Amino acid sequence: MTDRYAVIGNPIGHTKSPLIHGLFAEETGQDMAYTAIEGPLEPHEAFAETVRAFAATGGRGMNVTAPFKLKAFAMADQSSERAELAGAVNALKFEDGSIIAENFDGIGLVRDIEVNLGLPMAGKRVLMLGAGGAARGALLPFLSARPIELVLVNRHVDKAQALAAQLSARGPILACGYGDLEAMGRFDLAVNATSASLTGDLPPVPPSVFSHQGAAYELAYGKRLTPFLRLARNAGVCTFADGVGMLVEQAAEAFDWWRGVRPETRAVIDRLTVPLD
Ligand code: ATR
C-alpha cells in the first residue's frame with residue numbers, strides 16, 4: 001500500500017514540499033504519496049485533531065510549517081533535544097500510536113553551508129541574527145559544527161542572552177545587541193535568521209561584521225537579493241546564499257528519517273533555485 005505523508009500549514013498554497021518529496025520518492029523508488037493540507041487556525045484544538053485524523057487514516061508522517069510548529073511540538077509524545085530547544089518542530093512521524101517530533105531546519109542549514117557551499121564551520125567566527133524560532137532551531141547544530149565563536153544578536157537582547165545562557169555548556173556562544181557589533185570585528189559567516197526580510201526590512205547590522213572571504217546566508221528563500229544580502233555584497237562578501245538549500249536539505253533529513261534512505265539533493269536544489277540577481 002502507498003504510504004501517505006503531508007505538509008500542514010496555513011496558508012499552504014506556496015509550499016514546495018510536495019514537489020521536493022515527490023522528486024525524492026521518484027529518485028529513490030519509494031512508494032509514497034505526499035500532499036499539502038491547509039490546517040485549521042480555529043478553534044485551538046482543531047490543528048491537533050487534523051494531525052491525529054491523518055495519522056489514524058494511515059498517515060505515516062508530516063512536515064509542519066507556519067503557524068503550527070509550536071502546536072506540533074506541544075502535541076508530540078516524544079521529541080528530540082533540538083526540537084526541545086527550539087520549542088518548535090517541522091517534522092512528525094507516526095509510529096505505534098505515538099507522535100514523534102523532530103526539527104531538521106538547523107541540520108539542513110548546517111549541511112547546506114558545509115557540504116553544498118563548501119564552508120566548514122569548524123574554527124570559524126559565526127554571527128547569527130535573530131533569536132526567534134528560526135534561530136533557536138539552528139543553535140545546537142551550529143555549536144555541533146564547532147565554530148570558534150557563535151555570536152547571537154537580537155533587538156531584544158534579553159532573548160539572545162537567555163538562549164546563550166541555556167547553551168553555554170555546549171560551546172562558545174555569546175549574546176549581544178546590534179549596538180555592540182561594531183566593536184566585534186569581522187565574521188567568517190553571518191546568518192540572517194530574523195524575520196526582517198519577509199517585510200523587506202534590514203536588521204540594524206553594521207557592514208563591518210562582513211569579511212571579504214566570508215559568507216552571508218539569508219534564511220528566507222526566493223526573495224532574491226534581500227536588503228541583508230545586498231548589504232553583504234556591498235561590503236565585499238564573496239559567498240551568498242538564500243535558504244533554498246536549507247529547505248531541500250531539511251526535507252532530505254525528514255525523508256531519511258521516515259524512509260531510511262537519503263535522497264540526492266543537488267538536482268532538486270538546482271531546480272528550485274531562483275537567481276539572486
Ligand atoms: P521566526 O520563527 O521566523 O524566527 P519569530 O519567532 O517571530 O519568527 O522571531 C522573529 C525574529 O526576527 C526575532 O529575533 C526578531 O527580533 P526581536 O525578538 O528583537 O523582535 C527578529 N526581527 C524581526 N524583524 C526584525 C527587524 N526589522 N530587525 C531586526 N530583527 C528583527
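This structure is a prediction, so every number in the text was calculated from the model and none was measured.
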Visitor: Nearest 0.5 Å please: distance from the CD atom of Glu102 over to the CZ atom of Phe73.
Guide: 11.5 Å
Visitor: Run through Glu27, Glu249, Glu253, Arg111 and flag the one making a side chain to side chain donor-acceptor pair (under 3.5 Å) with Thr265.
Guide: Glu249
Visitor: Does Arg136 use its side chain to pair, donor to acceptor, with the backbone of Ala86 at less than 3.5 Å?
Guide: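 Yes; at least one donor-acceptor contact below 3.5 Å.
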Visitor: side-chain contact (heavy atoms from CB on, under 4.5 Å) with Tyr217: which of Leu117, Leu119, Val126?
Guide: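 With Tyr217 as partner, Leu117, Leu119, Val126 yield a single side-chain contact (heavy atoms from CB on, under 4.5 Å), made by Leu117.
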Visitor: Shared ILVMFWY cluster between Val7 and Met32, side chains joined below 4.5 angstrom?
Guide: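 Shared cluster, yes.
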Visitor: Using side-chain heavy atoms (C-beta onward) and a distance below 4.5 Å, is Thr50 in contact with Pro40?
Guide: yes
Visitor: Return the minimal non-hydrogen interatomic distance between Pro147 and Leu143, and the atom names on each side.
Guide: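 Between these two residues, the closest heavy atoms are CD-O, 3.9 Å.
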Visitor: Could you walk me through whether Asp3 and Tyr34 pass the side-chain contact (heavy atoms from CB on, under 4.5 Å) test, one step at a time?
Guide: CA-CA 9 Å; Asp3 290 330; Tyr34 190 108; over 6 Å; no
Visitor: Let me confirm one number: the CG-CD distance from Leu140 to Gln166, rounded to the nearest 0.5 Å.
Guide: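 Interatomic distance, Leu140 CG to Gln166 CD, rounded to 0.5 Å: 9.0 Å.
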Visitor: Same cluster or not: Met121 versus Ile107, using hydrophobic residues (I, L, V, M, F, W, Y) connected whenever any side-chain heavy atoms lie under 4.5 Å apart?
Guide: no
Visitor: More than 12 heavy atoms of other residues, nucleotides or ligands under 6.0 Å from CZ of Arg170: is that the case?
Guide: no
Visitor: Check whether any side-chain heavy atom of Leu167 sits under 4.5 Å from a side-chain heavy atom of Leu85, and report yes or no.
Guide: yes
Visitor: I'd like to know if Lys71 pairs up with Glu45 as an ion pair, taking the criterion as any Lys NZ or Arg NE/NH1/NH2 lying under 4.0 Å from an Asp or Glu carboxylate oxygen.
Guide: no
Visitor: How far does CG of Leu247 sit from CG of Leu109, to the nearest 0.5 angstrom?
Guide: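 If we round to the nearest 0.5 Å, Leu247:CG and Leu109:CG are 11.5 Å apart.
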Visitor: Can you name the nearest heavy-atom pair linking Phe210 to Arg186, along with the distance?
Guide: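 Scanning both residues, the minimum pair turns out to be O-NH1, 2.7 Å.
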Visitor: Atom CD of residue position Glu84 - does it have more than 12 heavy atoms of other residues, nucleotides or ligands inside 6.0 Å?
Guide: yes
Visitor: Which heavy-atom pair separates Met184 from Cys176 by the least distance, and what is that distance?
Guide: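 Looking at all heavy atoms of both residues, the shortest contact is SD-SG, 3.7 Å.
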Visitor: Stepwise, does the side-chain contact (heavy atoms from CB on, under 4.5 Å) test hold for Gln30 with Phe24?
Guide: CA-CA 8 Å; Gln30 296 285 303; Phe24 287 167; over 6 Å; no
Visitor: Just checking Phe240 against Phe228, ring centres under 6.0 Å apart?
Guide: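 Centroid separation for Phe240 and Phe228: 6.0 Å or greater.
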Visitor: Any donor and acceptor pair, going by atom type alone, linking the side chain of Asn90 with main-chain N or O of Asn63 inside 3.5 Å?
Guide: no
Visitor: Quick check on the hydrophobic clustering: are Leu174 and Leu129 connected, directly or via other members, by side-chain heavy-atom contacts under 4.5 Å?
Guide: yes
Visitor: If you measure from CG on Leu231 to CG on Asn192, what distance do you get to the nearest 0.5 Å?
Guide: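 If we round to the nearest 0.5 Å, Leu231:CG and Asn192:CG are 10.5 Å apart.
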Visitor: Would the number of heavy atoms belonging to other residues, nucleotides or ligands and lying under 6.0 Å from CG of Leu41 be above 12?
Guide: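 Atom CG in Leu41 is packed in, count exceeds 12.
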Visitor: What are the two closest heavy atoms between Ala101 and Val89, and how far apart are they?
Guide: CB-CG1, 3.5 Å
Visitor: If you draw a 6.0 Å radius around CZ in Arg266, do more than 12 non-hydrogen atoms from other residues or ligands fall strictly inside?
Guide: yes
Visitor: Please find the pair of heavy atoms, one from Gly9 and one from Thr65, that lie closest to each other, and give the distance.
Guide: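 Result for this residue pair: CA-CG2, 3.7 Å.
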Visitor: Would you find more than 12 non-hydrogen atoms of other residues, nucleotides or ligands less than 6.0 Å from His44 atom NE2?
Guide: no
Visitor: For a side-chain contact (heavy atoms from CB on, under 4.5 Å) check, start with the C-alpha distance between Val191 and Phe142, then their side-chain angles and the critical distance, and finish with the verdict.
Guide: CA-CA 11 Å; Val191 177; Phe142 266 42; 4.0 Å; yes
Visitor: Give, for atom CG of Asp105 and atom CG of Leu219, the distance between the pair rounded to the nearest 0.5 Å.
Guide: 8.0 Å
Visitor: Measuring from atom CG of Asp242 to atom NZ of Lys223, what distance do you get when rounded to the nearest 0.5 angstrom?
Guide: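 Answer rounded to 0.5 Å: 10.5 Å.
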Visitor: Before you tell me yes or no, could you show the steps for Leu127 and Leu181 under side-chain contact (heavy atoms from CB on, under 4.5 Å), namely the whole-Å CA-CA distance, both residues' side-chain angles and the distance that decides it to 0.1 Å?
Guide: CA-CA 10 Å; Leu127 176 65; Leu181 283 177; 3.8 Å; yes
Visitor: In the structure I gave you, are the side-chain heavy atoms of Leu139 and Leu150 within less than 4.5 Å of one another anywhere?
Guide: yes
Visitor: Around atom CZ of Arg271, are there more than 12 heavy atoms of other residues, nucleotides or ligands at under 6.0 Å?
Guide: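 It does not: Arg271 CZ has 12 such atoms or fewer within range.
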Visitor: Return the minimal non-hydrogen interatomic distance between Ala138 and Pro141, and the atom names on each side.
Guide: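 Scanning both residues completely, I find the closest heavy atoms to be O-CD, 3.4 Å.
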Visitor: Decide yes or no for Arg4 and Phe54: does some side-chain heavy atom of the first lie under 4.5 Å from some side-chain heavy atom of the second?
Guide: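 In contact.
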Visitor: Kindly say whether Ala88 contributes a backbone atom to a donor-acceptor pair with the side chain of Asn103 at under 3.5 angstrom?
Guide: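 Side chain of Asn103 to backbone of Ala88, a donor-acceptor pair under 3.5 Å: yes, one is there.
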Visitor: Would Lys124 and Glu149 pass as an ion pair if we require N to O under 4.0 Å?
Guide: no
Visitor: Tell me, do Met62 and Ile37 make a side-chain contact under 4.5 Å, heavy atoms counted?
Guide: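 A side-chain contact exists here, since the closest heavy-atom pair is under 4.5 Å.
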Visitor: Go through the side-chain N and O atoms of Gln78 and Ser98 and say whether any donor and acceptor fall under 3.5 Å apart.
Guide: no
Visitor: So if you build clusters from Ile, Leu, Val, Met, Phe, Trp, Tyr with side-chain heavy-atom gaps below 4.5 Å, do Leu272 and Ile269 land together?
Guide: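 Leu272 clusters together with Ile269.
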Visitor: If only atom types and distance count, is the side chain of Arg224 paired as donor or acceptor with the main-chain N or O of Asp277 below 3.5 Å?
Guide: yes
Visitor: Does some side-chain heavy atom of Pro18 sit less than 4.5 Å from a side-chain heavy atom of Thr35?
Guide: no
Visitor: Trp258 vs Tyr5 aromatic rings, parallel, tilted or perpendicular, using cut-offs 30° and 60°?
Guide: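 The arrangement is tilted - the two ring planes meet at 30° to 60°.
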Visitor: Hey, any chance Ile100 and Phe104 share a hydrophobic cluster, counting ILVMFWY side chains that come within less than 4.5 Å of each other, even indirectly?
Guide: yes
